[in-house]
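Right, one structure below, let's go through it.
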Amino acid sequence: MIEYIRKHPEKVLGALTEHIELVLITLVISLAIACLLTLLAMRSERVSDALNNLFSVLYSVPSLALFALLIPVTGLGRTTAVIVLTLYNQYILLRSFTAGLRDVDPAVCEAAKGIGMTDMQILTKIRVPLARRAIFAGIRLAVVSTIGIGTIAASINAGGLGTLLFEGLRTINTPKILWGSVLSALLAVSINKLLKMVENRL
Amino acid sequence: MIADIANYISTHSAQLGTQITAHIGISLFALIVAVVIGVPCGYFASKSAKSEALVTAPFEILRVVPSLAVLILLIPIMGTGVKPAVTALTILAIPPVLLNTSVGFRSIPEFMVESARGIGMTEREMLFKVRIPGALPMMLAGIRTALVEIVASTTLAAKIGGGGLGEIIFTGLGLNRTDMLVLGGLLVAALSLLSGVVFDVITRRLLRYKYV
């Protein structure tokens, strides 16, 4: 294993950076969409239920199946991977965002209304700050799940740590398989720990 | 493309049948093993704070580890085939079952246990008549999560020789055949959604008192 990293450091590190890039791109796009959808969902219960049902159905479709179904439309590569990962994230993000925002003590919101705040002000100045922990927990879960499903994205040429896994499997290269699995596991576990520490500080 | 798919189904119907049954068989087997291991472990974890920390900590970590990593990591140890596939799927399915069982047992209100003791139930009766029914909803929710995860990961298990519907997708990727990709994707999606629906029906049966 040590020998493998000595011989091909750029390959292992390249896969790792690719993976982190994939996660970051997905995170930014997912957050932007999730914020918009949350705004919509906070307006009415019915929209919120409809969105939740839609994404929960999508979420239970296995990633490999979604990749396969999107290939005829968007082709192989990173774009398809980002679309699928973003769709999965919406379920996690939307649920935790709306649950967190709704969970805020109604008395506080009443008081805010009483001093003349608009709905938008209540959302940004009361609900969001009070729900920050639930919001952050949702982001943490989304990031960890993206790291996990991101490995599968290598099967459609999206790069990342999954490349080491699939290539190692094809050539029965045990050190490569070990590096791929150890790094992806370590990445997921350490990011989870790190974000949990931040969450506890909030 | 629809013609291609129909053509593929008519020429490969026997193969499709075995793939579907293999997919269901492997998934169910892994789920049953995971429940047999996960539920008792979850029960013991709920007994005290110490046993909980001991049992849940490793499974919390395992839950975060990517499923593909677990699947492929077993190859150097167990080789390829159905055996490592089922082992990996079971490992992946234990955390949700175990953690939810533990939470379920701990969330039973103390007064219920007290009043059961008050009317003279023995420990054994309390376990079967109060604790297990009380923990059942959480337990079933955990088993459902495990089921959905297993059906998804069985697709990946085709890569390590586990058989199942993932074979169509991986072959389609290898041959650049859109019809196989779409057919495989649709079948896997349908199977996953269907298994969720079937499980919900069973849950409703078991928890009939909730839906009166």
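In what follows, every heavy atom counts, from backbone to side chain, and hydrogens, waters and symmetry copies are set aside. Numbered from 1 within each chain, the chains take letters A, B, ... in sequence-line order.
Heavy atoms of Ile169(B) lying under 4.5 Å from chain A belong exclusively to its side chain. Interface residue Leu76(A): only side-chain heavy atoms are found under 4.5 Å from chain B. Contacts between Leu165(A) and chain B at a heavy-atom distance below 4.5 Å involve backbone atoms as well as side-chain atoms. Using a 4.5 Å cut-off between heavy atoms, Leu183(B) does not touch chain A at all. For a residue to count as touching a neighbouring chain, one of its non-hydrogen atoms must lie under 4.5 Å from one of that chain's; by this rule Ile75(B) touches chain A with the side chain only.
In terms of heavy-atom pairs under 4.5 Å with chain B, the best-connected choice from Thr174(A), Leu186(A), Ile177(A) is Ile177(A). For the set Gly148(A), Ala185(A), Ser60(A), the count of heavy-atom pairs under 4.5 angstrom toward chain B peaks at Ser60(A). Between chain B and the residues Leu161(A), Ile152(A), Asn157(A), the largest count of heavy-atom pairs under 4.5 Å involves Ile152(A). Interface summary for chain A: among Val148(B), Leu73(B), Thr178(B), Val182(B), the most heavy-atom pairs under 4.5 angstrom belong to Leu73(B).
Between Glu18(A) and Arg78(A) no salt bridge is recorded (no basic side-chain N to carboxylate O distance below 4.0 Å). Glu167(A) has a carboxylate O that lies under 4.0 Å from a charged side-chain N of Lys11(A), or vice versa, which qualifies the two as a salt bridge. By the 4.0 Å N-to-carboxylate-O rule, Asp119(A) lies too far from Arg43(A) to be salt-bridged with it.
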**OP:** In sequence, state the C-alpha distance, the side-chain angles, and the governing distance for Ser48(B) and Ser51(B), and then conclude on side chain to side chain donor-acceptor pair (under 3.5 Å).
**Re:** CA-CA 5 Å; Ser48(B) 76; Ser51(B) 63; 3.2 Å; yes
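For the residue pair Asn52(A) and Arg95(A), no side-chain donor N or O sits within less than 3.5 Å of a side-chain acceptor on the partner. Side-chain atoms of Thr26(A) and Thr146(A) include no donor-acceptor pair closer than 3.5 Å. Thr38(A) and Thr98(A) share no donor-acceptor pair across their side chains, judged by distance under 3.5 Å alone.
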